[in-house]
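Heads up, the thing below is written out as structure tokens.
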Amino acid sequence: MLNTLFQGIFDSSTTSVIPVGQFLLCIAVSLVLGIILACAYSYKTRHNGSFVRTLAILPAVVCVVIMMVNGNVGAGVAVAGAFSLVRFRSVPGSAKDIGAIFIAMGSGLITGMGYLGYVAVFTVVLSLIMVAYVHMDLWDRHQISEKQLIITIPEDLDYTQVFDDLMAKYTEKTDLVKVKTTNMGSLFKLEYRIVFREEGEEKNMIDQLRCRNGNLEILCSRAQTGREEL
């Protein structure tokens, strides 16, 4: 009875049945590697707890799918990929989210094919690389230093060159990215992306800007970018 409990009703004499011990071993390895990947993903990064928990079990899900399709990798990847990417139909996914999902899928795929040594090396190495990139702030330093500056001016003020000397004095990079009318067209809002020459110059620059925009509202904040979303 126990021997037939884990056999499929559609199995034939040419179909190999996965031993229960090996099945449980592959799932256990997938869960451990999923936890490692989830920890690497959440390292020093704002994250959604639900997504991290899902990421931790995704390798085990993909592993089981690959084992159940009896080595038909094409069918297994198609099914697992459809399941794992459902999240991005309704919620904007970042490049990091999608990258982590593909790593988790790769980990489950390798485990489901039985290469436990390879999957351990694959997951640990990529997790360490992910942590190292975050720890060293590679490619993020310029983005972190970029600020969003919004200046409100009266409609009769020509904004084309009125702030050029101040921008040249306090910033090393200035881009006027948006001009918007507000208050029934009586005011303009100018949105700049700037990088300060020196830290701590926000107040001095804002004080001088207020003298030119009639002491209207000025907002300086960390730049919000949607370039990471896919």
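Computed from a prediction, not measured in an experiment: that's the story for all the values here.
- For the atom pair CG (L209) and CD1 (I153), the distance works out to 11.0 Å, reported to the nearest 0.5 Å.
- Heavy-atom minimum distance, N183 versus S186: O-OG, 2.7 Å.
- In terms of the side chain to side chain donor-acceptor pair (under 3.5 Å) criterion, S30 has no residue partners (sequence neighbours excluded).
- Side-chain contact between R197 and Y170 is absent, with no heavy atoms from C-beta onward closer than 4.5 Å.
- Taking each heavy atom of V119 and S107 in turn, the nearest pair found is CG2-O, 3.1 Å.
- Between L190 and F163, some side-chain heavy-atom pair lies under the 4.5 Å cut-off.
- Here the side chains of M167 and L149 are in contact, with some heavy-atom distance below 4.5 Å.
- A100 pairs by the side chain to side chain contact (heavy atoms under 4.5 Å, CB included) definition with Y41, L55, not counting sequence neighbours.
- If you chain together hydrophobic residues whose side chains sit under 4.5 Å apart, V121 and I35 never meet in one group.
- Atom CD1 of residue I66 and atom CG of residue L109 lie 5.0 Å apart, to the nearest 0.5 angstrom.
- Here the CG atom belonging to L216 is positioned 6.0 Å from the CG atom belonging to L187, to the nearest 0.5 angstrom.
- Taken together through direct or relayed side-chain contacts under 4.5 Å among Ile, Leu, Val, Met, Phe, Trp and Tyr, L157 and Y159 form part of one hydrophobic cluster.
- Contact detail for C220 and F196: the closest heavy-atom pair is SG-CE1, 4.1 Å.
- Hydrophobic clustering, with ILVMFWY side chains joined whenever heavy atoms are under 4.5 angstrom apart, groups L116 together with I103.
- Side-chain contact check for M67 versus Q22: every heavy-atom pair is 4.5 Å or farther apart.
- Under the 4.5 Å side-chain criterion, counting only non-hydrogen atoms from C-beta, P59 is not in contact with L33.
- Atom OG1 in T123 sits 10.5 Å away from atom CG in L128 (nearest 0.5 Å).
- Between F188 and N213, the closest side-chain pair of non-hydrogen atoms is not below 4.5 Å.
- Looking at residues two or more places apart in sequence or on another chain, you find a side chain to side chain donor-acceptor pair (under 3.5 Å) between R212 and D165.
- Partners of Y118 according to the side chain to side chain donor-acceptor pair (under 3.5 Å) rule, which considers only residues two or more places apart in sequence or in another chain, do not exist here.
- Counting heavy atoms from C-beta on, the side chains of F23 and V64 come closer than 4.5 Å.
- For the side chain to side chain donor-acceptor pair (under 3.5 Å) with N204, the qualifying choice from E202, Q208, E201 is E201, the only one to do so.
- Across all non-hydrogen atoms, the minimal contact from C26 to T111 is O-CG2, 3.4 Å.
- Residues satisfying the side chain to side chain contact (heavy atoms under 4.5 Å, CB included) test with A40, not counting sequence neighbours, are S127, M130, V131.
- Under the 3.5 Å distance criterion, with hydrogens and angles disregarded, no donor-acceptor pair is assigned to the side chains of Q161 and D164.
- Clustering ILVMFWY residues whenever any of their side-chain heavy atoms sit less than 4.5 angstrom apart, transitively, puts I206 in the very cluster that holds Y192.
- In this structure, the separation between SG on C63 and CG on L58 is 11.0 Å, given to the nearest 0.5 Å.
- Considering OG1 of T171 and NZ of K147, their distance stands at 13.5 Å, rounded to 0.5 Å.
- Residues that satisfy the side chain to side chain contact (heavy atoms under 4.5 Å, CB included) test with E191, not counting sequence neighbours, are Q148, I150, V177, K178, R193.
- Each of L219 and I151 belongs to its own hydrophobic cluster when Ile, Leu, Val, Met, Phe, Trp and Tyr are linked at side-chain heavy-atom distances under 4.5 angstrom.
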